[in-house]
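So the structure is just underneath, and the comments pick up after that.
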Amino acid sequence: MYDALASTAHEPGVPKPDPIMVASGLQRSFGGLHAVDLESLEIQRHTITSLIGPNGAGKTTLFNLLSGFDKPDAGEWHLNGGPLVGIPAFQVARQGMIRTFQLTRSLARLTVRENVMLAATNQPGERFWHALFGKWRDIEEANREKARPLIERFGLDHMADEYAGTLSGGQRKLLEMARALMVEPELILLDEPTAGVNPALTQELLEHIIALRDIGMTVIFIEHDMDAVQNISDWVVCMAQGRIIAEGPPADVAANPAVIDAYLGHHHGEVP
Amino acid sequence: MIQWDNILIDAGRAAIGIPAAAYAMSALGLNLQFGYTGLLNFGHVAFMLVGAYGTAITVDLGGSLWLGIPVGIALAALLGLLLGFPTLRLRTDYLAIVTIAAGEILRLIVRSSGAEPLTNGVFGIQAFADEFFDLNPIVDGRYGIGRFRFDERTLWVLIAAWALVALGTWIIWKLTRSPWGRVIRSIREDEDAARSLGKNVFWYKLQSLMIGGAYGALAGIILAVDQQNVSADFFIPLLTFYAYTIVILGGPGTVFGPILGSILFWFLFELFDEFLFDAVAAGWFGDVIETTDVGAIRFAAVGVGLMLLMAFRPQGIFGKREEVLLDV
Amino acid sequence: MALVLVGLVLMQAGPVFAQDEGPSIVGVLESVENELREPVPGVTIIASLDGTVAGSAVSAEDGSWVISVPGPGTYEVELDVGTLPGGVALTDPDRPVLDNVRVREGQAKTVRFQLGPGISAQVGDLDRFLDLLVIGLKFGAIIALASIGLSLVFGVTQLVNFAHGELITLGAVLAFFFNASPLGPQWPLVFAAIPALALAAAFGWAQERGLWRPLRRRGTGLIAMLVISIGLSLFLRHVILWLYDGLPRSYSDYAIQREWSVGPLDIVPKNLVIILSALVILGAVGLFLQRTKTGTAMRAVSDNVDLAESSGIDVEHIILITWIVGTVLAALGGIFFGVTEGVQWDMGFRLLLFVFAAVVLGGLGTAYGAMLGAFIIGLASEVSTFWFDVQYKNVIAYGLLVVMLLLRPQGLLGQRERIG
Ligand SMILES: Nc1ncnc2c1ncn2[C@@H]1O[C@H](COP(=O)(O)OP(=O)(O)OP(=O)(O)O)[C@@H](O)[C@H]1O
Ligand SMILES: [Mg+2]
């Protein structure tokens with residue numbers, strides 16, 4: 001898979017051979033602050049792309065824009081060639097792009113199992129008339145079977161019938177992952193999935209992410225831990241102050257002076 | 001003299017009375033909106049008004065009562081659509097603002113001279129439910145034990161009203177235990193999370209508002225049919241907050257909460273009212289509270305009750321405390 | 001006919017149970033001009049017994065009204081002059097109250113109010129329009145005072161206080177106590193307002209310290225807070241009803257004034273005073289927010305609580321001050337409202353719709369937005385009576401509110417909502 005990008009130039013905004021997602025001219029500012037201002041970004045299909053950058057670089061804002069949770073001031077973006085401008089968030093999700101949140105959003109008074117089963121996309125019982133008069137129990141049973149291994153995989157099986165509100169912060173991250181996978185998305189945007197998860201589990205989580213790619217998903221992954229980035233990414237995109245300042249394979253980006261400068265410069269500028 | 005036996009009998013009658021049934025129905029709808037979906041509908045009375053007037057006007061224009069009732073319910077669902085459309089994409093406060101205002105505005109419109117050809121203005125519409133009372137199979141008489149009795153007319157309304165409440169509860173039970181119910185509960189917990197999983201949050205909220213509104217309409221219809229009268233000044237904002245108190249008393253987001261809540265509410269309300277009345281008459285409070293003040297004080301008491309419940313027992317009288325602690 | 005009568009009695013029944021047929025007071029309101037009789041609809045009439053309200057009614061399209069009263073007795077029947085449509089006035093302006101109306105058991109007692117053309121009936125369209133502009137400005141000024149507090153409190157706590165209307169009423173009723181209550185000191189209104197506002201400030205303080213702050217400390221959610229605020233509103237409104245009764249009353253001064261004519265404009269002096277003093281106060285609020293340390297801190301907290309807190313602002317203190325300032329402004333708005341419309345237990349609740357329309361129009365949480373929105377709502381709803389009936393004033397304000405939500409939900413001066 002990495003080979004597909006072998007001949008791709010290591011420069012910001014470079015076109016990819018088989019992009020699943022193409023964005024151009026995306027801009028979003030808050031007051032005078034340009035949170036996102038990128039000329040072009042393409043994401044190669046079936047790869048893990050890491051999105052890195054100092055705090056406040058605009059990574060989460062970019063996710064919000066791509067997933068339809070926020071509206072850009074300008075620009076357009078496409079998923080599998082289909083335009084996403086003006087498409088509401090829930091429809092973006094239905095088109096196969098699922099995102100998770102940096103600040104986890106567990107559904108506190110639903111059980112862990114309900115959280116995961118909610119994510120199933122094939123349940124006709126979610127429609128009013130079907131709920132009242134239709135047959136949905138067979139599909140519900142099938143979904144329950146489908147949710148079980150997911151819940152187990154993230155080590156939540158002993159909590160399956162507890163309210164999600166009783167989970168720890170790290171467990172909520174895992175639950176959110178499980179929920180997103182239940183959708184069986186084509187492209188998944190993970191906003192710092194390893195933040196607050198213990199090291200052993202982090203390692204497992206990273207392996208899951210690699211497994212996702214291997215079964216054909218595309219992953220965009222925001223991460224601050226450079227070791228993790230080095231280990232699993234096929235491609236790395238670095239943002240600073242809303243712009244993409246470097247793109248390339250992990251080792252290459254890590255050595256890029258502009259990237260080092262962005263991180264260091266940021267630290268210099270930050271109030272201690 | 002506090003006449004406890006009288007008070008308890010009256011309170012007992014109130015607990016299963018027609019208002020208790022009607023408000024159980026109203027609270028079932030509000031519970032779907034507030035308890036299950038997290039929608040803050042502060043104008044439930046508007047749905048009650050539209051249901052009652054929709055029915056009465058249909059009959060007044062020559063239609064059958066059996067046409068009028070579905071018309072009233074459909075109009076209330078339509079009102080839900082109209083109120084929800086501008087507000088349900090926004091923060092939850094906007095729905096509260098728009099609905100509380102809608103309750104008052106509709107009342108003013110209905111009683112205004114412009115609407116008089118349809119609504120008969122401040123005089124309202126009377127005697128539109130004969131078709132219902134003509135069906136009464138119960139032989140004349142007073143039924144019950146001792147002084148705890150209902151006449152055949154009241155009994156007929158009671159049976160019909162509680163039967164409707166049972167049917168309404170069954171529908172809520174089916175709905176909230178279905179995947180549809182799971183989606184609206186997820187919206188209550190965090191609508192962005194629901195959205196990120198591909199749920200059309202706006203449309204589910206709209207459905208919940210409309211269905212809850214239909215229940216409110218049915219409650220308004222029960223009250224109107226019982227009194228054979230609709231008049232605008234009956235539908236004051238207070239009615240919405242009876243329903244809130246009932247929902248929270250019984251436990252928001254539970255299937256049987258509204259019924260238990262309504263029974264308990266009317267029992268306590270009547271108990272408090274009559275006790276206060278007797279106590280005032282017995283001169284307990286001197287000049288501070290007179291009999292004409294009892295009305296105001298009991299409404300103030302509903303307000304305090306609502307505040308205390310929401311602050312200290314938001315899970316209702318029967319709910320579990322832990323559930324609420326999750327609500328951060 | 002019998003059917004209609006039964007209906008009339010039922011109409012007056014309380015929210016729950018129908019009352020038995022009892023005595024009533026009835027009448028027909030007609031404006032008489034050169035032998036021509038015109039029914040006068042939409043006028044409120046209140047019957048009271050020993051100073052407590054026994055019932056009220058609003059005249060119908062044909063001018064008729066019926067108040068069913070609890071029992072026989074000698075009633076006082078008052079016509080609420082404020083609800084008379086334009087161009088109609090009492091022939092004897094000093095007799096809005098008929099005392100000594102004796103009602104016997106089961107009787108429908110008829111009473112008459114003599115109505116005729118008011119002074120403004122003879123003026124031309126332009127004059128009437130100008131008059132409405134002035135009244136609209138005045139109404140806007142009152143709404144502005146009343147709504148800033150709601151918006152400020154929303155800014156710093158994210159709470160829409162549904163009990164805000166009662167803060168308006170509270171100011172008016174407290175001022176009434178010091179000004180015109182037989183139990184009070186009967187000071188002129190200007191002086192009576194001072195202790196009233198001081199008590200309002202104390203109430204704002206108590207409300208924050210005794211209710212809202214403890215609730216925030218316990219981590220009470222937004223929805224629960226909103227429900228609590230509506231419970232508080234019910235409670236306060238009915239406590240006021242209990243203590244003040246349902247009857248509308250006027251302050252002892254400024255009740256009736258002769259108009260000043262300035263060119264084509266006829267201005268009642270008190271209206272001018274209200275407009276000017278409201279403008280001065282609004283300006284002072286602006287200066288306070290812009291120039292003082294506390295005001296700046298308030299804006300900072302509105303903007304971003306976390307940032308404000310981390311830059312050393314005592315957020316809890318700022319919230320407390322906001323509650324106090326907001327309550328005092330609402331109370332002041334209530335006093336002005338009372339001067340023009342009379343003081344009544346539910347006056348604030350009736351004004352609340354206009355206040356909501358104003359803050360949403362201007363942008364929730366923005367003080368200047370509330371002012372701007374208030375003047376737009378005030379002018380629009382008053383000027384609308386040039387074309388539409390007075391009874392649709394609320395509908396106009398409501399329409400503006402809904403249209404604004406559809407077009408620009410963040411309001412005129414608000415910013416697009418943050419996304420988490
Ligand atoms: N809703 C908002 N309103 C105002 N400013 C915002 C908003 N969301 C983000 N910002 C600003 O935009 C900039 C980018 O924020 P963003 O959350 O995208 O950063 P990030 O790269 O995800 O940072 P981190 O690594 O800390 O999560 C920041 O300066 C932030 O303060
Ligand atoms: Mg981020």
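Every chain is numbered from 1, with letters handed out A, B, ... down the list of sequences.
- In summary, B:D93 and B:R91 engage in a salt bridge, as defined by a charged side-chain N under 4.0 Å from a carboxylate O.
- Between C:F388 and C:Y392, the gap from one ring centroid to the other reaches at least 6.0 Å.
- Within 6.0 Å of CZ on B:F272 lie more than 12 heavy atoms contributed by other residues, nucleotides or ligands.
- Note that C:R237 lies in the cation-pi zone of C:F349, set by a 6.0 Å cut-off to the ring centre and a 45° limit from the axis.
- Neither the backbone nor the side chain of C:I240 comes within less than 4.5 Å of any heavy atom in chain B.
- Ion pair B:R13/B:E270 not flagged as a salt bridge, since none of the NZ, NE, NH1 or NH2 atoms sits closer than 4.0 Å to an Asp/Glu carboxylate oxygen.
- Chosen from B:P237, B:A102, B:A22, the residue pairing most often with chain C at heavy-atom distances under 4.5 Å is B:A102.
- Interface remark: of the candidates C:L406, C:N394, C:V53, C:V227, C:V227 forms the most heavy-atom pairs closer than 4.5 Å to chain B.
- Your options are C:Q158, C:M225, C:Q391, and the one with the most heavy-atom pairs under 4.5 Å with chain B is C:Q391.
- The contact between C:L215 and chain B is made entirely by side chain atoms (from C-beta outward), counting heavy-atom distances below 4.5 Å.
- Contact tally against chain C (heavy-atom pairs below 4.5 Å) for B:S112, B:G114, B:G17, B:A301: the top residue is B:S112.
- A cation-pi arrangement is absent between B:R107 and B:F235, since the terminal nitrogen or guanidinium carbon is not both under 6.0 Å from the aromatic centre and inside a 45° cone about the axis.
- Contacts of B:I105 with chain C are made by side-chain atoms alone, with heavy-atom separations under 4.5 Å and no backbone atom involved.
- Neither the backbone nor the side chain of B:L309 comes within less than 4.5 Å of any heavy atom in chain C.
- Counting heavy-atom pairs under 4.5 Å between each of B:I289, B:V294, B:T87, B:V302 and chain C puts B:I289 at the top.
- For C:L405, the parts lying under 4.5 angstrom from a heavy atom of chain B are both the backbone and the side chain.
- Judged by a 6.0 Å distance limit and a 45° cone about the ring axis, B:R89 is positioned over the six-membered ring of B:F85.
- Checking C:R350 against C:Q344 by side-chain atom types alone, a donor-acceptor pair falls below 3.5 Å.
- For a residue to count as touching a neighbouring chain, one of its non-hydrogen atoms must lie under 4.5 Å from one of that chain's; by this rule C:V360 touches chain B with the side chain only.
- If you measure heavy-atom distances from B:L308 to chain C, you find no contacts under 4.5 Å at all.
- The environment of CZ in B:F202 is crowded: more than 12 heavy-atom neighbours from other residues, nucleotides or ligands sit within 6.0 Å.
- Heavy-atom pairs under 4.5 Å with chain B peak, among C:D245, C:L401, C:I230, C:L236, at C:I230.
- With a 4.5 Å cut-off on non-hydrogen atoms, C:L49 does not touch chain B at all.
- Proximity to chain C (any heavy atom under 4.5 Å) is shown, for B:I125, by neither the backbone nor the side chain.
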Before you tell me yes or no, could you show the steps for B:F34 and B:Y244 under ring pair (Phe, Tyr, Trp, His ring centres under 6.0 Å), namely the whole-Å CA-CA distance, both residues' side-chain angles and the distance that decides it to 0.1 Å? CA-CA 9 Å; B:F34 171 71; B:Y244 265 93; 5.2 Å; yes

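- Note on C:V239, C:T220, C:L226: by heavy-atom pairs under 4.5 Å with chain B, the leading option is C:L226.
- No side-chain heavy atom of B:T245 sits less than 4.5 Å from a side-chain heavy atom of B:M310.
- In this structure, chain B has a heavy atom under 4.5 Å from the side chain of C:L353, while its backbone stays farther away.
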